[in-house]
K.L.:
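Can you keep this structure in mind? I'll have questions shortly.
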Amino acid sequence: MHIPDGFIAPQVYLPAYGAAAGLWAYAARRLRAALLEETIPRLAVLTAFCFVVMMIMVPLPGGTSAHATGIALLAIVFGVWTAFVSVSLVLLLQALLFGAGGVTALALNALAMGLVGSAAARYSYLLLRRIHEGFGLVAAGWLSVNVAALLMALVLGVQPVIAHADDGQPLFFPFGLSVTLPAVMIPHALIGIGEGVLTLLMFRLLSQRGWVARNAG
């Protein structure tokens with residue numbers, strides 16, 4: 001799901017960095033205020049878990065990749081803003097150390113996966129657990145992947161319109177929405193099922209170990 005360097009025009013990634021910078025600062029303040037000493041090791045373990053599962057990437061047509069994330073689990077257990085910080089750190093390390101994703105696209109990746117994906121997971125779970133907790137967990141995992149993937153597909157697909165030469169030749173990503181939407185969304189619709197099952201199983205395991213505090217967003 002990571003967008004690599006060279007695919008996004010500066011007209012997009014520079015404003016994304018501006019928006020992300022403010023949100024990172026706000027999230028860091030929320031994290032300092034809410035994080036308890038005894039929960040730091042648990043957060044570290046779940047962040048490391050996300051790092052590992054997100055490194056197992058399968059390339060997809062359309063310029064991105066598919067992988068599990070663990071983001072829904074982070075968001076449900078620790079809240080949206082803590083998940084945003086943790087996922088942003090994971091993405092930064094992956095970009096710098098392993099070339100997974102790009103530095104120029106870091107803000108977009110973090111906003112789509114770490115913030116929007118976390119929010120979709122957290123709030124869908126809080127809503128749907130009233131009906132059935134297991135269903136809410138699976139849905140949260142599915143939505144965390146597919147809402148983020150949809151944003152990635154839209155961002156990639158509009159690049160030929162945003163940045164092109166005088167003759168219409170795209171300067172960055174060459175494919176439009178007719179390519180990116182099916183190329184990204186179809187595989188992620190299937191991957192999201194696995195993410196949902198993973199979220200359900202890991203949540204139940206953590207609940208048995210007393211790790212789940214269900215902090216507010």
Side-chain angles (χ1 to χ4, degrees), residues 1-28 47-71 74 83-120 144-188 191-192 195:
M1 191 187 300
H2 301 59
I3 298 176
D5 283 322
F7 282 32
I8 305 297
Q11 300 96 306
V12 176
Y13 70 70
L14 290 178
Y17 260 107
L23 291 168
W24 280 325
Y26 175 76
T47 302
F49 171 76
C50 290
F51 183 93
V52 171
V53 297
M54 286 169 60
M55 286 299 298
I56 306 172
M57 293 185 288
V58 178
L60 297 177
T64 185
S65 58
H67 51 77
T69 67
I71 290 172
L74 263 176
F84 178 44
V85 173
S86 295
V87 172
S88 297
L89 178 60
V90 167
L91 293 171
L92 176 62
L93 292 175
Q94 289 179 340
L96 293 178
L97 300 179
F98 300 99
V103 174
T104 57
L106 174 64
L108 283 167
N109 288 329
L111 289 170
M113 299 168 63
L115 183 58
V116 177
S118 292
S144 71
V145 169
N146 282 275
V147 171
L150 177 59
L151 289 178
M152 299 285 198
L154 292 173
V155 169
L156 287 169
V158 299
Q159 295 308 302
V161 177
I162 291 173
H164 54 79
D166 292 338
D167 61 358
Q169 185 70 21
L171 297 177
F172 293 90
F173 191 75
F175 303 114
L177 293 171
S178 62
V179 172
T180 61
L181 285 173
V184 173
M185 297 310 300
I186 291 173
H188 280 94
I191 291 167
E195 182 79 21

K.L.:
Can you tell me how far the CG atom of L106 sits from the CG atom of L111, to the nearest 0.5 Å?
P.N.:
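The CG atom of L106 sits 9.0 Å away from the CG atom of L111.
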K.L.:
Any donor-acceptor pair under 3.5 Å linking the side chain of Q169 with the backbone of H164?
P.N.:
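It does not hold such a pair.
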K.L.:
If I compare all heavy atoms of P182 with all of P187, which pair ends up nearest, and what's the gap?
P.N.:
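Scanning both residues, the minimum pair turns out to be O-CD, 3.8 Å.
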K.L.:
What distance do L96 atom CG and L91 atom CG have between them, rounded to the nearest 0.5 Å?
P.N.:
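So the gap between those two atoms works out to 11.0 Å.
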K.L.:
Going by side-chain contact (heavy atoms from CB on, under 4.5 Å), name the residues that satisfy it together with L89, two or more places apart in sequence or in a different chain.
P.N.:
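Expected list: L93.
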K.L.:
Can you measure from CZ (F84) to CD1 (I71) and round to the nearest 0.5 angstrom?
P.N.:
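The CZ atom of F84 sits 11.0 Å away from the CD1 atom of I71.
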K.L.:
Are any of the side-chain heavy atoms of I8 and V155 separated by less than 4.5 Å?
P.N.:
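Yes, close enough: below the 4.5 Å cut-off.
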K.L.:
Let me have the donor-acceptor pairs involving side chains of residues 19-27, under 3.5 Å, with sequence neighbours excluded, atom names and distances please.
P.N.:
residue, atom, partner, partner atom, Å
W24, NE1, S88, OG, 2.8
Y26, OH, R30, NH1, 2.9

K.L.:
What's the spacing between L151 CG and L156 CG if we round to 0.5 Å?
P.N.:
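Separation between the atoms: 11.0 Å.
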K.L.:
Where do G70 and E195 come nearest, in terms of heavy atoms and distance?
P.N.:
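Taking every non-hydrogen atom into account, N-OE2, 2.8 Å.
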K.L.:
Could you work out, with side-chain contact (heavy atoms from CB on, under 4.5 Å) as the rule, every residue matching D166, not counting sequence neighbours?
P.N.:
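side-chain contact (heavy atoms from CB on, under 4.5 Å) check on D166 returns nothing, list empty.
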K.L.:
Could you pull out the closest heavy-atom pair between A105 and I3, with the gap in Å?
P.N.:
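Taking every non-hydrogen atom into account, CB-O, 3.3 Å.
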K.L.:
Mind checking side chain to side chain donor-acceptor pair (under 3.5 Å) for Q159 and listing every partner two or more places apart, or none if nothing turns up?
P.N.:
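In terms of side chain to side chain donor-acceptor pair (under 3.5 Å), with neighbours along the sequence ignored, Q159 is linked to no residue.
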K.L.:
Show me the donor-acceptor pairs, under 3.5 Å and distance only, between side chains in residues 49-56 and residues at least two apart or in other chains.
P.N.:
none

K.L.:
What closest approach, in Å, do V184 and A149 show between heavy atoms, and which atom pair accounts for it?
P.N.:
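So the minimum-distance heavy-atom pair works out to CG1-O, 3.6 Å.
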K.L.:
Below 4.5 Å, heavy atoms only, C-beta onward: do M185 and T180 meet side chain to side chain?
P.N.:
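Not in contact.
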K.L.:
Run the side-chain contact (heavy atoms from CB on, under 4.5 Å) test against L154 and tell me which residues pass, sequence neighbours left out.
P.N.:
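Once residues adjacent in sequence are excluded, the partners of L154 under the side-chain contact (heavy atoms from CB on, under 4.5 Å) criterion are L150, L177, L181.
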K.L.:
Please list, one pair per line, the donor and acceptor atoms closer than 3.5 Å that link side chains of residues 9-17 to other protein atoms, with sequence neighbours excluded.
P.N.:
residue, atom, partner, partner atom, Å
Y17, OH, V103, O, 2.3

